[in-house]
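Only one structure is covered here, and it is reproduced in the block below.
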There are 2 protein chains.
Amino acid sequence: MASKRKDSNTEEKILSAARQVFIEKGFAGARMQDIADRAEINKAMLHYYFKNKEMLFEVIFRETAGKLFPHFEKLMESDLNFFDKIRSIVSSYIEMIIQNPYLPLFVMNEMNKNPQIGLKNFFEAQKPGFVKKFRESIEESVKNGIIQPINPIHLIMNIFSMCAFPFIAKPMISMLTGIEDEQFKNLMEQRKVLVAEFIIHSIKK
Amino acid sequence: MASKRKDSNTEEKILSAARQVFIEKGFAGARMQDIADRAEINKAMLHYYFKNKEMLFEVIFRETAGKLFPHFEKLMESDLNFFDKIRSIVSSYIEMIIQNPYLPLFVMNEMNKNPQIGLKNFFEAQKPGFVKKFRESIEESVKNGIIQPINPIHLIMNIFSMCAFPFIAKPMISMLTGIEDEQFKNLMEQRKVLVAEFIIHSIKK
DNA sequence: AAGTTTGTTAACCAAATGGTTAATTTTAAT
DNA sequence: ATTAAAATTAACCATTTGGTTAACAAACTT
């Protein structure tokens with residue numbers, strides 16, 4: 001019989017429960033008792049493993065925000081042509097959000113409510129250099145005459161907007177169009193190629 | 001000297017304070033005492049004018065969500081050509097969000113946390129018919145060979161994504177690029193025409 | 001002017017909430 | 001087997017929070 005410690009693995013259970021509750025309710029709406037209940041442990045254990053609500057939240061936020069820009073830096077450095085880079089980014093980014101549908105809203109919302117959390121838990125640790133690389137790649141493609149002149153910031157905004165926003169707006173979309181979960185997932189699956197081609201068609205010379 | 005009642009206009013002060021607090025903190029993070037303090041009135045007055053936190057919130061939510069799709073229905077019925085309709089929608093929509101930068105995140109977030117609030121306070125009252133009109137207009141333009149074939153839902157998603165998402169992601173953008181308030185506002189001003197042309201260029205035959 | 005309604009306040013209340021304590025059990029070390 | 005360290009629990013605590021009450025003040029009605 002496995003030891004109680006390793007068997008129960010309390011810390012994992014807490015993190016799993018905290019992930020659920022924080023992402024579902026947000027920091028302000030999350031209740032420590034709720035987390036304890038879902039982890040099936042005593043509330044005091046939360047404070048035993050993590051000092052307080054803030055600390056527990058920061059672990060979850062950091063882990064979640066860390067998924068936000070996965071391997072883009074490497075991808076931008078790859079020898080794919082510019083259009084294939086866009087195809088690859090769009091497709092993998094939408095797939096990532098399909099796997100974590102609440103991620104964009106959670107991160108954006110908490111960063112708006114408390115911008116410090118971003119600086120503390122995101123900037124220092126894995127300050128993503130992909131924006132610079134992305135920028136350079138766009139500027140180069142403009143110079144080489146592959147794409148129309150465009151401010152890289154706007155192009156980057158456009159790409160991530162079309163990938164992430166539909167997930168943030170899902171309840172609104174569902175309300176306005178009657179689209180339900182299954183159909184929504186199909187649409188998002190379509191967007192993996194659709195958005196990329198939409199962008200490429202718009203900037204191609 | 002004006003009467004105390006009309007002079008003080010407590011209800012307006014409450015609504016103004018509630019607007020601030022709810023939009024800043026969200027429903028879960030908002031505190032009734034905070035609203036009372038900002039309105040410079042006794043907390044009991046909140047319950048005198050509005051039954052409870054939920055009721056007060058619903059007034060604010062309804063009023064806020066009401067700004068979300070302003071005059072699009074009329075605009076879609078106008079005799080502008082399809083491309084000018086898109087230019088007009090994008091421009092006026094971004095301008096609306098510049099005037100109410102927290103509106104998209106507030107509405108989307110609260111609808112995610114509690115989808116019922118949308119049905120109760122949005123759907124019934126001003127169920128926007130503009131989606132249907134928009135759809136028809138797109139389908140017509142496709143048939144007339146003005147634009148490339150495209151699923152209207154995706155095009156609508158693309159348009160609103162590029163308009164609204166940058167405001168939702170502002171803290172993230174600011175963190176990744178160092179862009180501050182003034183420069184951000186300039187970028188959004190540019191997007192009024194930029195996004196429209198980006199879309200048109202992408203769907204034009 | 002008297003009485004009724006409306007508006008406002010201070011004090012209060014019960015429940016919820018984040019957090020702590022002290023005792024107990026389990027596990028690991030000797 | 002003994003002991004020290006780590007994990008867990010029940011009970012408790014102080015503060016916050018949404019909400020109420022009862023008394024009072026101002027404003028209309030007649």
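Quick note on labels: first sequence line is chain A, next is B, and so on, each numbered from 1. Remember, it's a predicted structure, so these values are computed and weren't measured experimentally. Worth knowing before you read on, the calculation uses all heavy atoms, side chains too, and leaves out hydrogens, waters and symmetry mates.
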Output the rounded distance in Å from NE2 (A:H47) to P (D:dT8).
16 Å
For DNA chain C, what residues of residues 19-46 of chain B have any heavy atom nearer than 4.0 Å?
B:N42, B:A44, B:M45
Tell me whether the side-chain N/O atoms of A:T10 come closer than 4.0 Å to OP1 or OP2 in D:dT8.
yes
How many whole angstroms separate atom OH of A:Y48 from atom C1' of D:dT8?
9 Å
So A:F198 and B:I150, side chain to side chain contact (heavy atoms under 4.5 Å, CB included) or not? Walk me through it.
CA-CA 10 Å; A:F198 188 90; B:I150 184 168; 4.2 Å; yes
Sequence neighbours excluded, every pair satisfying salt bridge (Lys or Arg N to Asp or Glu O under 4.0 Å) that has a member inside residues 26-35 of chain A
A:K25-A:D34, A:D34-A:R38
Do any N or O atoms from the side chain of B:T64 and from the backbone of B:I60 form a donor-acceptor pair under 3.5 angstrom?
yes
Whole-Å distance separating the CZ atom of A:F57 from the C1' atom of C:dG18:
16 Å
Using a heavy-atom cut-off of under 4.0 Å over every strand shown, decide if B:Y49 touches base, sugar-phosphate, or nothing.
sugar-phosphate
Spacing of B:K13 atom NZ relative to C:dT8 atom C1', expressed in whole Å:
11 Å
Scan side-chain atoms only and decide if A:D37 and A:Q33 contain a donor-acceptor pair under the 3.5 Å cut-off.
yes
Measuring centre to centre across the rings, with the benzene-like ring taken for any Trp, is A:F160 within less than 6.0 Å of A:Y93?
yes
For the residue pair B:F184 and B:F167, does the interplanar ring angle fall in the parallel (under 30°), tilted (30 to 60°) or perpendicular (over 60°) class?
perpendicular
Whole-Å distance, A:F50 CZ to D:dA7 C1', equals 14 Å
For B:K53 and D:dT20, give me the distance from atom NZ to atom P, rounded to whole Å.
15 Å
